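Below, chains carry the letters A, B, ... as their sequence lines are ordered, and counting in each starts from 1. All figures in this text were calculated on a predicted structure; none of them were measured in a lab.
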There are 2 protein chains.
Amino acid sequence: MAQTARPTYAVIAKTAGVSEATVSRVLNGDDSVHPDRAKRVQDAVEKLGYKKNRVASALASGRTGLIAVVIDDDLSIFQDPFWGSVTAGVSRVLMENELQSLLMVSPVDSVDGAVAHYLQSGEVDGAIFFALHSDALVKRLAKQGLPIVITGTPPSNDDFIFVDTDNFGGGLAATKHLFSRGCQKVGIITGDTGLTDAKQRLDGYHQAYREGGHLPSKTLVANGDYSFESGKRAMRQLLDSHPGIDGVFASNDLMAMGAIAVIQELGKTVPEHIKVVGFDDSLIAQTARPGLTSVRQDVVALGEAAANLMIAQLAGIEVEPKILPTELVVRESA
Amino acid sequence: MAQTARPTYAVIAKTAGVSEATVSRVLNGDDSVHPDRAKRVQDAVEKLGYKKNRVASALASGRTGLIAVVIDDDLSIFQDPFWGSVTAGVSRVLMENELQSLLMVSPVDSVDGAVAHYLQSGEVDGAIFFALHSDALVKRLAKQGLPIVITGTPPSNDDFIFVDTDNFGGGLAATKHLFSRGCQKVGIITGDTGLTDAKQRLDGYHQAYREGGHLPSKTLVANGDYSFESGKRAMRQLLDSHPGIDGVFASNDLMAMGAIAVIQELGKTVPEHIKVVGFDDSLIAQTARPGLTSVRQDVVALGEAAANLMIAQLAGIEVEPKILPTELVVRESA
DNA sequence: ATCTTTTGTGAAAGCGGTTTCACAGGTCGT
DNA sequence: ACGACCTGTGAAACCGCTTTCACAAAAGAT
């Protein structure tokens with residue numbers, strides 16, 4: 001609050017012997033100023049340690065330099081390292097481009113409240129949404145002309161700009177890998193299939209069955225919700241209906257760990273009896289014993305891509321949704 | 001950009017038949033306005049779907065409602081789920097108090113550049129720093145009157161306001177637990193002891209030796225850097241100098257996992273031959289097999305506490321640093 | 001009934017930049 | 001040498017809200 005009074009344009013203008021308009025031009029890179037005078041302004045800025053007041057600047061120009069990063073606040077945020085990494089990627093790229101990220105962790109049910117309010121208060125130049133459950137709000141904002149990028153494939157594909165991991169390809173690769181390891185009965189533990197990514201991973205799994213000419217079975221599909229416990233539950237269910245199951249693709253590492261825990265509790269071993277592949281290639285996969293074979297997605301890159309799409313949009317460049325490739329990291333579990 | 005023109009005070013004032021000053025009073029909860037006129041204003045606001053322009057408001061009032069959350073951008077940010085959770089906690093509490101979090105993930109070496117620049121541009125009402133390596137910048141900002149909260153104990157204790165986990169107590173509890181389990185030679189794998197938290201966990205370890213009357217040894221202390229690989233290296237080192245080591249306190253779960261990996265590679269088992277305790281009680285500890293006994297710290301609460309200290313400061317309330325308790329979660333590894 | 005005090009309100013001056021617009025002076029073309 | 005064009009520049013309006021200040025009306029004091 002009690003910031004020592006900082007100089008304003010008025011002061012710079014006076015010391016440089018020019019008008020405030022000229023100061024503004026110089027500081028905004030307008031090249032129509034004579035080099036000599038520009039130099040004078042820059043010297044004054046230097047000498048007085050001037051720092052532009054971004055709030056005033058924002059008010060006058062209509063550009064705040066702020067990008068909202070909106071994350072649905074269900075509890076998973078607090079546990080899942082995923083979003084932290086994506087956010088870090090976003091933030092870093094934005095900063096490199098003189099933009100700031102406004103982090104909004106907000107309860108789902110208030111997405112129509114506080115967040116909406118904010119995004120419409122003219123305080124941000126754009127918004128990046130994470131893991132969209134519903135896109136009603138996004139639609140409204142887009143209609144109002146707010147640049148938007150969605151991380152993760154949006155539920156209804158209304159030509160939003162989004163970035164996502166190639167979930168389909170990842171699911172396909174994971175499942176094919178299990179077949180190639182000799183598995184005959186490969187099950188899947190899905191995430192909440194209301195989420196697009198979980199759905200796509202499942203689709204990839206199905207595709208692998210089609211391509212491999214194996215016989216799919218509905219009871220080889222067990223639903224989880226990306227949590228450790230749900231992975232355990234789903235694995236028990238799979239073992240129940242298919243005692244002879246010899247491969248499992250879990251839609252994330254956490255559930256894969258749950259599955260392995262159950263398998264081992266029953267005295268079976270991984271990968272000898274049952275092979276397991278996870279998704280994310282998180283720290284968990286890397287540190288688990290046996291090491292968990294997993295589909296790597298580059299979450300930081302995901303964030304960076306989102307930020308770059310935003311920047312392009314702000315620059316008025318036409319952009320298209322972007323899908324990032326995955327890579328299967330083979331370890332001991334399959 | 002092309003936001004549909006939103007109403008301003010001028011419009012509200014006209015429809016309500018009052019002056020702009022009155023509109024401002026009503027919208028800022030000034031109770032000196034006659035209820036009837038206040039009602040008229042509120043009706044107008046309602047009717048026109050008015051949303052205050054926060055930028056203009058910030059310029060005029062000097063309060064932006066923005067709190068910077070500054071995170072040193074070394075790579076760990078992108079891997080460690082820790083900071084994501086803390087940040088989420090911060091953001092949530094701030095939002096509940098009508099404040100927004102400005103996330104700044106910035107390279108360490110530029111803490112004197114971009115970030116400093118920003119924090120001094122009058123755009124934020126306060127700053128919350130994570131994992132401070134050096135506090136030169138913080139000192140300067142504090143001197144300028146910017147409210148500051150530090151998450152983690154600052155290196156030089158210059159009566160900054162901070163929140164931290166009870167690292168000392170955690171290290172003490174972990175080590176005592178190992179002794180109570182019958183361990184005689186308990187080693188420690190530290191984090192980078194240049195970091196206060198790593199140092200404090202080590203101090204706790206030493207204290208346990210003192211209290212237990214056991215014989216400490218310098219070679220039972222191996223330095224890591226919180227990474228999985230460093231945990232492996234440190235464990236090898238410990239086994240090298242103390243083949244008979246029967247207990248290890250690793251200063252975080254990741255290194256604990258590294259240690260366990262090495263122990264198992266050598267054909268020994270956990271907890272039979274060597275007992276291991278980690279720190280964080282992260283997902284890794286919960287999903288590992290054997291389950292990792294670990295010192296739980298509530299990271300979300302840490303973020304929330306930081307936010308609350310900031311809010312208190314903004315309200316002009318005198319606040320004190322806050323230390324959050326830890327809890328030992330006992331699983332199979334020790 | 002007269003003289004303070006309150007209470008409620010609006011006019012107007014900022015907050016610190018950006019941007020439009022008009023204009024002086026120099027450059028060209030013919 | 002004269003009108004048509006650029007270039008570079010400053011005055012001033014403006015962005016939308018906050019806050020001071022003066023003042024009228026109502027309430028309280030004597």
Using the C1' atoms of five pairs at each end, what's the angle between the two axes of the helix from C:dA1-D:dT30 to C:dT30-D:dA1, to 10 degrees? 30°
Donor-acceptor contacts under 3.5 Å from residues 25-35 of chain B side chains, at least two apart:
residue: B:Asn28; atom: OD1; partner: B:Lys52; partner atom: NZ; Å: 2.8
residue: B:Asn28; atom: ND2; partner: B:Ser24; partner atom: O; Å: 3.0
residue: B:Asn28; atom: ND2; partner: B:Ser24; partner atom: OG; Å: 3.3
residue: B:Asp30; atom: OD1; partner: B:Ser32; partner atom: N; Å: 2.9
residue: B:Asp30; atom: OD1; partner: B:Ser32; partner atom: OG; Å: 2.9

Roughly how many Å is it from CZ in B:Arg63 to C1' in C:dC15, rounded to a whole number? 13 Å
Specify the closest pair of heavy atoms between A:Ser85 and A:Val299, including all atoms of both residues, with the distance to one decimal. CB-CG2, 3.5 Å
Under a 4.0 Å heavy-atom cut-off, which of residues 13-30 of chain B touch DNA chain C? B:Val18, B:Ser19, B:Ala21, B:Thr22, B:Arg25
Under the side-chain contact (heavy atoms from CB on, under 4.5 Å) rule, collect the residues that match up with B:Asp192, sequence neighbours excluded. B:Leu195
Whichever of B:Ser32 and B:Ala56 has its nearest DNA chain C nucleotide further upstream toward 5': B:Ser32
Those residues at least two apart in sequence (or on a different chain) that pass salt bridge (Lys or Arg N to Asp or Glu O under 4.0 Å) with A:Lys47 are none
Of the residues in residues 38-46 of chain B, which ones touch DNA chain C at a heavy-atom distance under 4.0 Å? none
Those residues that, when tested against A:Lys39, pass side chain to side chain donor-acceptor pair (under 3.5 Å) (two or more places apart): A:Asp43
Listed by chain and number, what are the side-chain contact (heavy atoms from CB on, under 4.5 Å) partners of B:Ala127, not counting sequence neighbours? B:Ala68, B:Leu119, B:Phe129, B:Leu146
B:Asp164: which residues meet the side-chain contact (heavy atoms from CB on, under 4.5 Å) condition with it, sequence neighbours left out? B:Thr153, B:Phe162, B:Asn167, B:Gln200, B:Ile323
All N/O donor-acceptor pairs, side-chain side in residues 12-22 of chain A, below 3.5 Å, sequence neighbours left out:
residue: A:Thr15; atom: OG1; partner: A:Val11; partner atom: O; Å: 2.6
residue: A:Thr15; atom: OG1; partner: A:Ile12; partner atom: O; Å: 3.1
residue: A:Ser19; atom: OG; partner: A:Ala21; partner atom: N; Å: 3.4
residue: A:Ser19; atom: OG; partner: A:Thr22; partner atom: N; Å: 3.3
residue: A:Ser19; atom: OG; partner: A:Thr22; partner atom: OG1; Å: 3.3

Nt span of DNA chain D in reach of chain A heavy atoms at under 4.0 Å, 5' end first, is D:dG8 to D:dG16
For B:Lys139, which residues count as a side-chain contact (heavy atoms from CB on, under 4.5 Å) partner, sequence neighbours excluded? B:Asp135, B:Ser156, B:Asp158, B:Phe160
Nearest heavy-atom contact between B:Ala88 and A:Val105 is CA-CG2, 4.2 Å
Return yes when atom CD of A:Glu96 has more than 12 non-hydrogen atoms of other residues, nucleotides or ligands closer than 6.0 Å, and no otherwise. yes
Do B:Tyr118 and B:Leu102 have side chains that get closer than 4.5 Å, going by heavy atoms? yes
At their closest point, which heavy atom of B:Val319 faces which heavy atom of B:Ile161, and how far apart are they? O-CD1, 3.4 Å
OH of A:Tyr9 versus P of C:dG16: gap in Å, rounded? 13 Å
Roughly, in whole Å, what's the span from NZ in A:Lys52 to C1' in C:dC15? 16 Å
